[in-house]
Amino acid sequence: MRRLVLSAWAGAACLVAGALLAQEAPRLTGPEPFTKETPAPPMQRQVTDDVRRKRNYPDQPPLIPHAIEGYALDLNANKCLACHARKFTEQSQAPMISVTHYQDREGNTLGGVSPRRYSCLACHVPQTGAKPLVPNTFVDMDALVEREPRGR
Amino acid sequence: MAAIAKAWSWFRVNPWVLTATRPPVTLSLAFLTLGGFVAGVLFWGGFNTVLEHTNTEAFCTSCHEMKSNVFEELKGTIHYANRSGVRATCPDCHVPHRWTDKIARKMQASKEVWGHIFGSIDTRDKFLDLRRHLAEHEWARMKANDSLECRNCHSAQSMDVSKQNPRAAAAHEKDLFSGGKTCIDCHKGIAHKLPNMQGVPGWQ
């Protein structure tokens, strides 16, 4: 009998805790019930101010700080390369795609853009003004490492 | 030689020709001048009406070659829908507004009727195969007329670079205002999907 009451209490406590925790997490599923149709939220505006953003770690693919609407990116044409490829950077004043974009996965440097880097938008994305749904606890590495004192 | 002379004399004595070439005896000079004027207006008007009709998007897309390829692609672009609600239609970009250019383009367009009848691009595959060729015609034409059609709507004089994105402003100041390049040099593929761009200057 005693064991039964105890486990009932434990179960109830779990449920309450679950309910409390659940309230903290934002609702990521659609409307309730899910069959109901609701108007789509408005599209977020992209940030296209041409100001290059800081990377959170050195090998992060940098965010695209400019408009890319309507840019051709398929087998026939790659508009990104028309500015970012090595031979066009003087004319466009765009940063050159780094050497990693010319390397295959074995690290051999190729004569042209590596096929695995052709589809720029697989890694580089524009940023929008959308507020994050869940708080981000990312900490920049610079805040973690204590630099060795240098010089006098 | 004799045959030509014979044909000519037959022509000369033909009663219709005789009537047409005889000086008028019953019509006043005023009537003739006015009549000629009215006929001219009618002819000119009719000519322009035909020209106006063939200058609409509805006309262009009446051919499936134009409708199911290029028109479908135009729909996703800024020239079809944008925040200001101003639209560019096919003739805005492909038929120059200046009159002589217009006629020149229309003469060229008779080739399209030919192509339509003989089905030069009557399937998607055929269209894609020919696309680079067709696009090159358009680029060459726009390059030659200094992107006249674009400038009918976008005038470089009225461009306020301080309102443009820095990237756009820098490019326009460096190469557009100096006359070094024209719109189509930098803005290919703004209205339709591009063909294979290998070998086109500025692309790789």
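Every chain is numbered from 1 and lettered A, B, ... according to where its sequence line falls, protein lines coming before strand lines.
- Interface remark: B:Pro195 contributes backbone atoms only to the contact with chain A (heavy atom separation under 4.5 Å).
- Counting heavy atoms of neighbouring residues, nucleotides and ligands inside a 6.0 Å radius, atom CZ of A:Phe138 exceeds 12 of them.
- With a 6.0 Å radius and a threshold of 12 heavy atoms from other residues, nucleotides or ligands, A:Leu75 has its CG atom at or below the threshold.
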Give me a line-by-line list of donor-acceptor atom pairs from chain A to chain B that are under 3.5 Å apart, or tell me none exist.
| residue | atom | partner | partner atom | Å |
| --- | --- | --- | --- | --- |
| A:Asp50 | OD2 | B:Arg167 | N | 2.8 |
| A:His66 | ND1 | B:Arg167 | NH1 | 3.4 |
| A:Ala67 | O | B:Arg167 | NH2 | 3.2 |
| A:Tyr71 | OH | B:Arg167 | NH1 | 3.2 |
| A:Tyr71 | OH | B:Arg167 | NH2 | 2.9 |
| A:Asn76 | O | B:Met197 | N | 3.0 |
| A:Asn76 | ND2 | B:Leu194 | O | 3.3 |
| A:Lys79 | NZ | B:Cys186 | O | 3.4 |
| A:Gln91 | O | B:Lys174 | NZ | 3.3 |
| A:Gln91 | NE2 | B:Asp175 | OD2 | 3.1 |

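- Considering every non-hydrogen atom in both B:Gly202 and A:Ala82, the closest pair reads O-CB, 3.4 Å.
- Residue A:Val51: no heavy atom, backbone or side chain, is found under 4.5 Å from chain B.
- Within 6.0 Å of CD1 in B:Ile78 there are 12 or fewer heavy atoms belonging to other residues, nucleotides or ligands.
- Both the backbone and the side chain of A:Ala77 come within contact range of chain B, judged by heavy atoms closer than 4.5 Å.
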